Amino acid sequence: MSLCLSDPLPREFYARDAVEVAQAILGMVLVHRTENGIIAGRIVEAEAYTQDDPASHAYIGMTPRNAVMFGEPGHAYVYFTYGMYYCLNTSTGPVGFGSGALIRAVEPIAGIEMMKNNRKTGKLTNLASGPGKLCQAFGLDRRHNGLDLTDGELTIHPGDPPGEIASALRIGIRLATDKPWRFYIKDNPFVSKK
DNA sequence: AGAGCGATGGCCT
DNA sequence: GGCCATCGCTCTA
């Protein structure tokens, strides 16, 4: 199998509002270069979180945990949650303003056997259809927190443009549940939820 | 198909 | 001590 990739998305891609980035990132390709080979998937679902948003980790101000959200845009904010899962975000917006886009689901493209091993399932639509599943499939954990997504082990590249984009309420939050900041490629079978 | 819930540990007050 | 930007199992229908 061959995976043809152009250069990663530039820093400027991430240097704008998280709500814009969460939409613009749909269709782009997430790539993890592991010791055992390349794992890649097309992003089909993402959510926006901003500093003035009560549902965001950045809402309380900068702490050691969420510091990446306040730093240079285009870095990986990987956090640990529910005692057993990791979630991947890209930092967005200007330095000093804590915001990011949560990558919730990808359509597997490459390294599918590795993903099946990591996830202990063979069902393609269940490999990375959720933020915790995605990190498990890609082998991402706290070691990847802070990585530069424009160059190196973990990168995001241009991909096939999405078809119609749908927006909906975000999933799994208690506060600010009214913001329609979850975006996904309409009718794509790899999103976490309709 | 949908509701309920346990697992499991770091982070913040 | 309480709260999670989750997941998968079990129970009810």
Side-chain angles (χ1 to χ4, degrees), chain A residues 14 17-26 28 30 41 43-71 73-93 97-108 115-147 149 154 156 165-185 187 189-194:
Chain A
Y14 304 97
D17 192 279
V19 178
E20 286 181 50
V21 175
Q23 294 167 80
I25 208 164
L26 298 179
M28 306 301 180
L30 176 69
I43 298 167
V44 298
E45 179 182 353
E47 288 178 356
Y49 289 90
T50 65
Q51 189 172 347
D52 44 20
D53 162 19
S56 171
H57 291 172
Y59 186 68
I60 57 172
M62 190 163 79
T63 69
R65 182 202 198 197
N66 64 20
V68 175
M69 293 184 82
F70 291 79
H75 287 255
Y77 169 43
V78 181
Y79 68 87
F80 181 68
T81 193
Y82 292 108
M84 56 176 83
Y85 295 107
Y86 294 92
C87 295
L88 170 68
N89 298 246
T90 72
S91 59
T92 60
F97 184 76
S99 66
L102 169 69
I103 300 178
R104 285 193 55 91
V106 307
E107 172 178 347
M115 296 174 93
K116 287 179 177 172
N117 283 336
N118 291 341
R119 288 274 301 129
K120 309 295 179 207
T121 178
K123 194 163 189 280
L124 216 52
T125 53
N126 195 31
L127 285 182
S129 54
K133 299 179 189 178
L134 185 158
C135 283
Q136 197 171 57
F138 273 63
L140 300 176
D141 57 41
R142 65 177 89 258
R143 300 185 313 247
H144 306 277
N145 188 44
L147 287 186
L149 295 169
L154 187 65
I156 303 179
I165 293 176
S167 95
L169 299 179
R170 293 175 294 179
I171 292 179
I173 55 171
R174 311 177 66 104
L175 302 171
T177 53
D178 59 313
K179 296 183 194 305
W181 286 355
R182 170 175 173 249
F183 304 99
Y184 59 94
I185 298 178
D187 297 327
F190 298 92
V191 302
S192 66
K193 258 180 87 176
K194 302 286 161 113

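FYI, side chains are in, hydrogens and waters are out, and symmetry mates aren't considered; it's all heavy atoms of this structure. If you're wondering where the values come from, they're calculated on a predicted model, not measured in any experiment. Sequence lines set the chain letters: A, B, ... in the order given, protein chains first and strands last, and positions in each chain run from 1.
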Problem set entry | Separation between CD of A:Glu47 and CD1 of A:Ile173, rounded to the nearest 0.5 Å | 7.0 Å

For this session: Could you tell me whether the side chain of A:Gln23 and the main chain of A:Ile165 form a donor-acceptor pair under 3.5 Å?
Result: no

Exercise. Any sub-3.5 Å donor-acceptor pair from A:Thr125's side-chain atoms to A:Phe190's backbone N or O?
Worked result: no

Problem set entry | Nucleotide-resolved protein contact map, nucleotides 7-13 of chain C, B/S/- at heavy-atom distance under 4.0 Å | SS-----

Exercise. Base, sugar-phosphate, or nothing: which does A:Arg170 touch, judged by heavy atoms less than 4.0 Å apart?
Worked result: nothing

Problem set entry | For A:Lys133, the option from A:Thr121, A:Asn118, A:Asn126 that meets side chain to side chain donor-acceptor pair (under 3.5 Å) | A:Asn126

Seminar exercise, completed: From NZ of A:Lys193 across to C1' of C:dT6 the rounded distance in Å is 12 Å

Seminar exercise, completed: Dot-bracket for DNA chain B, 5' to 3', Watson-Crick and G-U pairs with both distances under 3.5 Å, [ ] for crossing pairs, | for partner on another strand, reads |||||||.||||.

Exercise. Okay, side chain of A:Thr92, backbone of A:Gly100: is any donor-acceptor separation there less than 3.5 Å?
Worked result: yes

Exercise. Tell me: OH of A:Tyr86 to C1' of B:dT8, nearest whole Å?
Worked result: 12 Å

Exercise. Does A:Arg174 make a side-chain N or O approach to OP1 or OP2 of C:dC4 shorter than 4.0 Å?
Worked result: yes

Exercise. How close or far is atom P of C:dA5 from atom OH of A:Tyr79, stated in whole angstroms?
Worked result: 6 Å

Exercise. Atom CZ of A:Phe80 to atom P of C:dA5: distance rounded to whole Å?
Worked result: 13 Å

Seminar exercise, completed: Here the distance between atom C1' of C:dC4 and atom CD1 of A:Ile60, to the nearest Å, is 12 Å

Exercise. Would you find a donor on one side and an acceptor on the other, under 3.5 Å apart, between the side chain of A:Arg104 and the backbone of A:Phe183?
Worked result: no

Exercise. Does a side chain donor of either A:His144 or A:Tyr86 reach within less than 3.5 Å of an acceptor in the other side chain?
Worked result: no

Exercise. How many Å lie between NE2 on A:His57 and C1' on B:dG10, as a whole number?
Worked result: 11 Å

Seminar exercise, completed: CG of A:Asn66 to CD of A:Gln51, rounded to nearest 0.5 Å, is 8.5 Å

Exercise. A:Ile171 has a side chain; which of C:dT6, B:dC12, B:dG10 sits nearest to it?
Worked result: C:dT6

For this session: Return no unless some side-chain N or O of A:Thr81 is found under 4.0 Å from OP1 or OP2 of B:dG10.
Result: no

Exercise. Contact class for A:Leu102 (heavy atom, under 4.0 Å): base, sugar-phosphate, or nothing?
Worked result: base

Exercise. With sugar-phosphate meaning primed atoms plus P, OP1 and OP2, does A:Tyr49 contact a base, only sugar-phosphate, or nothing at under 4.0 Å between heavy atoms?
Worked result: base

Problem set entry | Pair A:Ser56-A:Thr50, side-chain donor/acceptor within less than 3.5 Å | no

For this session: Quickly work out the A:Leu175 CG to B:dC12 P distance and round it to whole Å.
Result: 16 Å

Problem set entry | OH on A:Tyr14 to CG on A:Leu149, rounded to 0.5 Å | 5.0 Å

For this session: Figure out the CE/P separation between A:Met69 and B:dC11, and round it to whole Å.
Result: 16 Å

Exercise. Is any side-chain N or O of A:Tyr82 under 3.5 Å from a base N or O of B:dA7, one able to act as donor and the other as acceptor?
Worked result: no

